[in-house]
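The sequence lines fix the lettering, A, B, ..., with proteins before strands; numbering per chain opens at 1.
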There are 2 protein chains.
Amino acid sequence: MGAQKRYNCAVEVTVDLIGGKWKPVILAQLKKGVHRYGELRRLMPATSEKMLIQQLRELEADNLVERTVFDTVPPQVEYRLTEEGWSLVPVLTAMFEWGTKRADRVDIELPG
Amino acid sequence: MGAQKRYNCAVEVTVDLIGGKWKPVILAQLKKGVHRYGELRRLMPATSEKMLIQQLRELEADNLVERTVFDTVPPQVEYRLTEEGWSLVPVLTAMFEWGTKRADRVDIELPG
DNA sequence: CCGCATCCAACAGGATACTG
DNA sequence: CAGTATCCTGTTGGATGCGG
């Protein structure tokens, strides 16, 4: 176990886990609260189904997100942050706040 | 001006600018101080010349990094954060600290 | 020393159609 | 509702060699 990969900087570890286009966005949404699959889809309309489910699976494998299935009809699946996921909040918050300020400076429109 | 692209979340703006495998690492290195090109290469041995120069150019174009050329023999080029780049420090710090703790939890070795 | 040019492999990501 | 399966494309990233 451990030591499968070589990192020269702690930042690389973080990038390896939450890098990519969508993971930070998914986590930021889940930071606001538990969400069903369909809710996430609506919150992230630019993401394809494939990417969303794929990234969710990877986040689950890395123990950052927890998936709960309710055996109902119709099916219901909830996603929430794990404790490890919650530990990412400072990163997510910093990214959200910087993005907000940058959007303001460069005149980018953001919803809400 | 502005409004070239559609974002549904402020986090997407940040990912768009400092996403990818190397930009956060480059910025984290420059946060520690001004560095020459060769120094960055040694600090990031896993990066190819092509990627390093390419990412530096993009960071420069986005006004996060400033490039200074000294007309000497041999040539000397310094890279430093711009004011806009410095505004990213909370993000970089959060990523560094989370990576450090995660490495500790999962038993990953980090230099220094 | 600080790059650029070229070629190539791998993977992240997107479009579409289908299923329990 | 919550996914799967398949196919396809663009970007990321690596290797190598050359140039001011």
Taking only residues two or more places apart in sequence or in another chain, which ones pass salt bridge (charged side-chain N to carboxylate O under 4.0 Å, His left out) with [X]?
| X | result |
| --- | --- |
| B:E49 | B:R41 |
| B:R42 | none |
| A:D104 | none |
| A:R80 | A:E78 |

With sequence neighbours excluded, residues passing side chain to side chain donor-acceptor pair (under 3.5 Å) with A:R36: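 Side chain to side chain donor-acceptor pair (under 3.5 Å) check on A:R36 returns nothing, list empty.
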Partners of A:K50 by side chain to side chain contact (heavy atoms under 4.5 Å, CB included), sequence neighbours excluded?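 For A:K50 the side chain to side chain contact (heavy atoms under 4.5 Å, CB included) partners, ignoring immediate neighbours, are A:S48, A:Q54.
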Would you mind writing out the side-chain donor-acceptor pairs for residues 85-97 of chain B within the sub-3.5 Å range, not counting sequence neighbours?
unit_1 : atom_1 : unit_2 : atom_2 : d
B:S87  : OG     : A:W98  : NE1    : 2.8
B:S87  : OG     : B:E84  : O      : 2.5
B:T93  : OG1    : B:V89  : O      : 2.8

Range on DNA chain D touched by chain B - first to last nucleotide, heavy-atom distance under 4.0 Å: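 Nucleotide range with atoms under 4.0 Å of chain B: D:dG13 to D:dG20.
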Examine distances only and state if a side-chain atom of A:T47 and a backbone atom of A:L52 form a donor-acceptor pair shorter than 3.5 Å.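 Not a single qualifying donor-acceptor pair exists.
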How would you list all residue pairs meeting side chain to side chain donor-acceptor pair (under 3.5 Å) that involve residues 59-69 of chain B, not counting sequence neighbours?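 Sorted pair list: B:R67-B:Y79.
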Pairs satisfying side chain to side chain donor-acceptor pair (under 3.5 Å), at least one member in residues 11-30 of chain A, at least two apart: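 For residues 11-30 of chain A: A:K5-A:D16, A:Y7-A:D16, A:K23-A:E58, A:Q29-A:K32.
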Return the angle between end axes of the helix from C:dC1-D:dG20 to C:dG20-D:dC1, with five pairs used per end and rounding to 10°.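 End-to-end axis angle for the helix from C:dC1-D:dG20 to C:dG20-D:dC1: 50°, rounded to 10°.
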Contact state string [nucleotides 2-16 of chain C, B base, S sugar-phosphate only, - no protein heavy atom under 4.0 Å]: SBB-BB-----BBB-
